[in-house]
Structure formats: C-alpha cells, structure tokens
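All residue numbers refer to positions in the sequence shown, counting from 1. First listed ligand is number 1; within each ligand, the first listed atom is number 1.
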Amino acid sequence: GADEDLAGRHVVVSAGGTREPIDPVRFIGNRSSGLQGYALARTAVARGARVTLVAANVALPDPAGADVVRVGSAEEMRKAVLEAGGAADAVVMAAAVADFRPAGYRDSKIKKTPGAEPEPIRLTKNPDILAELGQRRQDGQVIVGFAAETDDVLANGREKLARKGCDLLVVNQVGDGLTFGQADNAATVLAVDGDPTVVPRGPKEALADVVWDLVAARLE
Ligand code: C5P
C-alpha cells in the first residue's frame, strides 16, 4: 500500500515447505507452494519494512527488495529463522515445517531386496520453531503463526495459539483443493488478547495485508 506503516521495521517471514531427507535421493515433504509467504514478503516490502524471507523449497522468483535465505530441512529453517528473527520486530511463520523427520538418515540409497519386505521409516520429532520464538520473544516483538487444519479449525487454532505462545495465529482450512498452490486463501486470524478477524476468500495479498495491519497495530 501507499502507507509505509512498517518503515524502519525488520520483519522475518518463512515460506514454503521443508523437506526431511530419508536418503540421498528421497525426502518427506508437503504441499506448501510458498505463495502465501511470498505474498507476505511482497506486501511487507510495499509497506516499507526491511524483509528477510526464509524460503524452503519454493519455485518462485525472489520478491524484489527482500533478502532471501534458501533452506531445505526444518533444522536448516530453524537456524536461519532464529538467526534472522532473534532481534526482528516481527516474525511470521507461514512455512509448513515438518513436525517429524526420519530418525536415521541413510548415507546411501535404500535398495529394494527381492522377496523381502521394506524397512519401515522411523520418525522423530523436529524442533518447533514457532514455540521456540514464543519462548525467546524480545520485548515488543510480534510473533505470528499459521495453522492449516482439516477439522475443528477454530478450536485447534485456539489451542495452538496458546501452546505456541504467539500473538496472532492465522488459521485456515486445507484439503479438498483448498489453499495449497492456489492464488486465493480464506482464513481467520486469532489474537491472543482480542477478537478474531475473519478474512473472506480472496487473493493471498489481501490476507497478507490484514496480517500486517494487525502486526503494525501491535508494534505501535
Ligand atoms: O503444529 P503445526 O505444524 O500445525 O503448527 C503450524 C505453525 O507452527 C506454523 O506457523 C509453522 O510454521 C510452525 N511450525 C514450526 N516448527 C515446527 C512445526 C510448525 O515453527 N516444527
């Protein structure tokens, strides 16, 4: 927008989806395209912010004016987000970070053995970057999470907002061709201390601008 209400602010946005390696050729991934995170980065630049975009496996051109840090796995994303976000005014975690990763990385490609059943892939928990940001929050810093849910969208969102210690949580319904890879999104933004903001289906930029409106109001 014309209104540079984020001038002088440093914001960090994560986008895309992490890939958790199984062996040198395989990974566990997810359906995040990065479009919502990139829309957040573009709109923040337009509103005057200095923007660091931490992008995981996104096939989109770098947004003009943002510093882009490319990462692959959740562990790499954690390092980049904590480094850039430690002293930032706001951190928005729009990325789909894998909750689990394969417990043991195999240095060589897993082979199929004729006549034998495949080995199960055992999983272990990834660190929760958003929860860590919530715990390390600096004075005045605004922390925003996203929650993609298929069921009980609002109830799960409320619980997640409290558990992860963020200020705002953008919840949306996913599945059935909704959201992933689409230009449009619809969401409800929950606030730790106020009423929810309902954002009707529209361009991902429109949702991004609502998020920055709420962030800017909290930074004042
Ligand atoms: O728990 P869930 O994955 O649904 O939470 C989603 C939110 O938490 C998103 O903002 C996502 O970026 C963040 N997250 C994270 N680290 C994880 C898992 C999710 O920061 N390991």
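For Ala96, the side chain to side chain contact (heavy atoms under 4.5 Å, CB included) test picks out Asn30, Ser32, with sequence neighbours left out.
The closest donor-acceptor contact from the side chain of Trp212 to the backbone of Thr43 lies at 3.5 Å or more, if one exists at all. Put simply, the side chain of Asn156 gets close to the backbone of Asp151: a donor and an acceptor are under 3.5 Å apart.
When heavy-atom distances to ligand 1 are checked against 4.0 Å, the residues falling inside are Met93, Ala95, Val97, Ala98, Asp99, Pro127, Asp128, Ile129, Leu130, Gly145, Phe146, Lys160, Lys164, ordered by chain and number.
Applying the side-chain hydrogen bond (donor to acceptor under 3.5 Å, both in side chains) test to every pair with at least one member in residues 108-122, sequence neighbours left out, gives no pairs at all. Evaluation of the salt bridge (charged side-chain N to carboxylate O under 4.0 Å, His left out) test over residues 7-21, restricted to residues two or more places apart or in two chains, returns Arg9-Asp89.
Between the side chains of Asp99 and Asn126, no donor-acceptor pair of N or O atoms lies under 3.5 Å.
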